[in-house]
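FYI, side chains are in, hydrogens and waters are out, and symmetry mates aren't considered; it's all heavy atoms of this structure. Numbers for residues simply follow the sequence, beginning at 1.
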Amino acid sequence: MLNIYRNKKIVVLGAGLTGLSCVNFFLKHNIYVKLMDSKIINNKFIPNNIDFHFGGFIKSWILDSDLIILSPGISHYHPFLIEAKKKNIEIINDIEIFCRIVNKSIIAVTGTNGKSTVVSLLYKIFKKYDLNVSLGGNIGIPVLSLLDCNSDIYILELSSFQLDHVYSLKSFCSVVLNITQDHLDRYPYGFYDYVFSKLKIFNNSCYCIINLDDKFTFPLNFYEKKIITFGINKGNYSVFYSKSGIFLKKFDKKLINVNNLFLKGISNYLNFLVSICISDLFKIPLDFCLNIISSFKGLPHRFSIILNKNNIIWINDSKSTNINSTIVALNNILSFVKNGKIWLLLGGDGKNADFNSLLKPFLLNIKNLVICCYGFDRDILYNLIPSISLKFLTLDEVFFYIIKFVKSGDFVLLSPACSSLDQFLNYKDRGNKFISLVNKYVNF
């Protein structure tokens, strides 16, 4: 298989974790590559025996190559890459290389929200059941680093950017959890361009798991697939509402009352259903799976209660980098709030999203809501409903103001609906900043 890369002029674009994993993979097999990044990168992590260039792309390196390995952070609409396509230069990524090599069972998970929660929970279930499994992809573990594991099952979290240049994925099962507006700054042809990237995950998949409440998650050739469904009050696996409570349900069998779960909210319940469905496909006993779900407390920066002091609850939902995830977070709080206010910390880089879809949930809760807008797109967010909005430059300024006014019964929710990259390294950095501010101003 590796012979197809020998004697090719290969350029790796991007010198982050993914790009370096590609470089190390090729060098391990005595295949020479060049490396470029548009940013200035610390050279100490770069192998000595390759040519590299940082701070911009050298056009001749790209257009004289036979193969381009693209990192997910680089848009395939870059002018040099558009020229490369016209010259029929092959453009792939690390996921495609991985899929060409591996012939074991692959579980492929994508969606605008919830990917990391589902793959992390699945990995925990499979490991506890003593299956030979590895986890990688968009969750932060480059897939090429998994090749030495020689696992029987690979759980892959895949973003739209990764799926853009994957052609050989043949998963045992795949799921699109949900699709809402996100990353439209990277898809100049609009929302459906983004949708088509997500739906590529179903190509050549044995089982396709779809969300009946989200028509955008349906495979393009729907009737040619083995379909398993999930949803609210419908589907093979469902969140079932009844007078006696809310249950997770498999076909006509009630599985568990959601009151017995640590994580609350409809999005979490749907994620649990997908995890149960995939575990079923691998013959993992249901009771075993439910025991782990019952003890699962979620991942950091995802609707995490940081502090409850003086009956004021501070919630870190920094992973909400798009509009729908913020709406979900707001709905989660509404089941708790009584007479207090929700101080919603909103802002960052909106990635060209249409924020007007926030108007309806805001207007429905206008009596309880104070919107604190900060960061790059603060003016756009402020102008949605100026009567209940405040405008700041940074999170520090937000805290300096609201700490004077929050009172018992209030919720302070960081759920920005935006990328963090205007002021932070990533959503984790933003979430950690929120935690440090809570500790500085509140938990002292």
Side-chain angles (χ1 to χ4, degrees), residues 181 301 303-334 336-424 427 429-444:
Q181 283 194 35
H301 309 293
F303 204 79
S304 304
I305 295 176
I306 301 304
L307 182 67
N308 184 350
K309 185 176 182 180
N310 300 324
N311 199 30
I312 302 169
I313 297 178
W314 303 77
I315 301 173
N316 171 19
D317 193 39
S318 182
K319 187 61 173 69
S320 286
T321 57
N322 55 70
I323 294 166
N324 190 67
S325 56
T326 295
I327 293 172
V328 168
L330 189 58
N331 288 336
N332 283 343
I333 283 189
L334 291 174
F336 303 112
V337 70
K338 294 180 180 177
N339 298 318
K341 289 190 176 297
I342 301 170
W343 298 77
L344 175 61
L345 279 53
L346 199 67
D349 181 356
K351 301 171 288 185
N352 295 339
D354 181 3
F355 289 117
N356 285 317
S357 54
L358 287 168
L359 279 172
K360 183 177 179 180
F362 286 177
L363 289 169
L364 286 173
N365 304 285
I366 197 166
K367 292 182 180 179
N368 299 98
L369 197 58
V370 181
I371 305 170
C372 301
C373 310
Y374 73 94
F376 182 75
D377 277 335
R378 61 190 179 277
D379 290 329
I380 299 174
L381 293 163
Y382 175 84
N383 288 327
L384 288 173
I385 312 181
S387 62
I388 59 168
S389 299
L390 304 166
K391 188 164 53 174
F392 306 90
L393 181 61
T394 65
L395 269 180
D396 292 82
E397 290 184 9
V398 174
F399 264 79
F400 188 74
Y401 177 86
I402 68 173
I403 196 64
K404 305 170 187 175
F405 298 101
V406 290
K407 58 184 180 181
S408 177
D410 286 357
F411 290 76
V412 181
L413 170 64
L414 173 70
S415 189
C418 294
S419 162
S420 60
L421 299 181
D422 61 327
Q423 295 183 345
F424 301 94
Y427 75 87
D429 184 35
R430 177 171 62 190
N432 288 332
K433 177 67 172 180
F434 177 79
I435 294 169
S436 70
L437 289 170
V438 170
N439 289 330
K440 177 180 178 181
Y441 288 104
V442 188
N443 194 29
F444 51 83

Handout entry: Closest non-hydrogen atom pair between Gln423 and Gly375, with its separation
Key = NE2-CA, 3.7 Å

Exercise for the section: Please check if atom CZ in Phe376 has more than 12 non-hydrogen atoms from other residues, nucleotides or ligands closer than 6.0 Å. Expected result: no

Fill in the blank from the handout: d(Leu390 CG, Leu346 CG) to nearest 0.5 Å is 12.0 Å

Handout entry: Partner residues of Asn324 under the side-chain contact (heavy atoms from CB on, under 4.5 Å) criterion, sequence neighbours left out
Key = Asn113, Thr180, Asn322, Val328

Problem - Set of salt bridge (Lys or Arg N to Asp or Glu O under 4.0 Å) partners for Lys341, sequence neighbours left out - result: none

Exercise for the section: Taking all heavy atoms of Ile388 and all of Leu369, pick out the closest pair and write down the distance. Expected result: CB-O, 3.7 Å

Practice task
State which residues pass ring-ring contact (aromatic ring centres under 6.0 Å, His included) with Phe303; sequence neighbours excluded, sorted by chain then number.
Solution key: none

Handout entry: Which atom of Ile312 lies closest to which atom of Lys407, heavy atoms considered
Key = CG1-O, 3.3 Å

Completion exercise
Hits for side-chain hydrogen bond (donor to acceptor under 3.5 Å, both in side chains) against Thr321, two or more places apart or cross-chain, chain-then-number order -> none

Practice task
Would you name the heavy atoms of Cys372 and Trp343 that are closest together and state the gap between them?
Solution key: SG-CE3, 4.0 Å

Problem - Expected output: side-chain Asn368 to main-chain Gly340 donor-acceptor under 3.5 Å - result: yes

Practice task
Check the pair Leu414 / Leu395 against side chain to side chain contact (heavy atoms under 4.5 Å, CB included), numbers first and verdict last.
Solution key: CA-CA 10 Å; Leu414 173 70; Leu395 269 180; 4.2 Å; yes

Practice task
Go through the steps for Asp377 and Asp349 under the test side chain to side chain contact (heavy atoms under 4.5 Å, CB included), then give the verdict.
Solution key: CA-CA 6 Å; Asp377 277 335; Asp349 181 356; 4.1 Å; yes

Fill in the blank from the handout: The reported gap from OG in Ser357 to CG in Leu384 (rounded to nearest 0.5 angstrom) is 9.0 Å

Problem - Value rounded to 0.5 Å, distance of CG in Asn439 from CG in Leu307 - result: 7.5 Å

Practice task
Could you note down all residue pairs passing ring pair (Phe, Tyr, Trp, His ring centres under 6.0 Å) where residues 378-402 supplies at least one of them, sequence neighbours left out?
Solution key: Trp314-Phe399, Phe392-Tyr401, Phe399-Phe434, Tyr401-Phe405

Practice task
Name all residues meeting the ring-ring contact (aromatic ring centres under 6.0 Å, His included) criterion together with Phe424; count only those two or more places apart in sequence or in a different chain, and write none if there are none.
Solution key: none

Handout entry: Shortest non-hydrogen separation from Ser325 to Ser415 and the atoms involved
Key = O-OG, 4.2 Å

Fill in the blank from the handout: Residue pairs passing the salt bridge (charged side-chain N to carboxylate O under 4.0 Å, His left out) test with at least one member in residues 311-325, sequence neighbours excluded, are none

Handout entry: Within 6.0 angstrom of Asn339 CG, more than 12 heavy atoms from elsewhere
Key = no

Fill in the blank from the handout: Distance col, row Leu358:CG vs Ile371:CD1, nearest 0.5 angstrom, shows 8.0 Å

Problem - Minimum heavy-atom distance Leu345-Tyr374, with the two atoms named - result: C-CE2, 4.3 Å

Exercise for the section: With sequence neighbours left out, write down each residue that passes salt bridge (Lys or Arg N to Asp or Glu O under 4.0 Å) with Asp422, or none if nothing qualifies. Expected result: none

Exercise for the section: Before giving the answer on side chain to side chain contact (heavy atoms under 4.5 Å, CB included), spell out for Asn365 and Ile342 the whole-Å C-alpha distance, their side-chain angles and the decisive distance to 0.1 Å. Expected result: CA-CA 9 Å; Asn365 304 285; Ile342 301 170; 5.7 Å; no

Exercise for the section: Kindly write out the residues that satisfy side-chain hydrogen bond (donor to acceptor under 3.5 Å, both in side chains) with Ser408, not counting sequence neighbours, or none if the list is empty. Expected result: Asn311

Exercise for the section: Check side-chain hydrogen bond (donor to acceptor under 3.5 Å, both in side chains) between Asn383 and all other residues, then give those that pass, not counting sequence neighbours. Expected result: none

Exercise for the section: Would you check if the side chain of Ser318 reaches a backbone N or O of Tyr427 as a donor-acceptor pair within less than 3.5 Å? Expected result: yes

Handout entry: Residue pairs fulfilling salt bridge (charged side-chain N to carboxylate O under 4.0 Å, His left out) with at least one residue in residues 433-444, sequence neighbours excluded
Key = Asp396-Lys433

Practice task
Name all residues meeting the side-chain hydrogen bond (donor to acceptor under 3.5 Å, both in side chains) criterion together with Arg378; count only those two or more places apart in sequence or in a different chain, and write none if there are none.
Solution key: none

Completion exercise
Taken to the nearest 0.5 Å, the spacing of Ile333 CD1 from Leu413 CG works out to 4.0 Å

Exercise for the section: Give, for atom OG1 of Thr326 and atom CG of Leu344, the distance between the pair rounded to the nearest 0.5 Å. Expected result: 6.5 Å

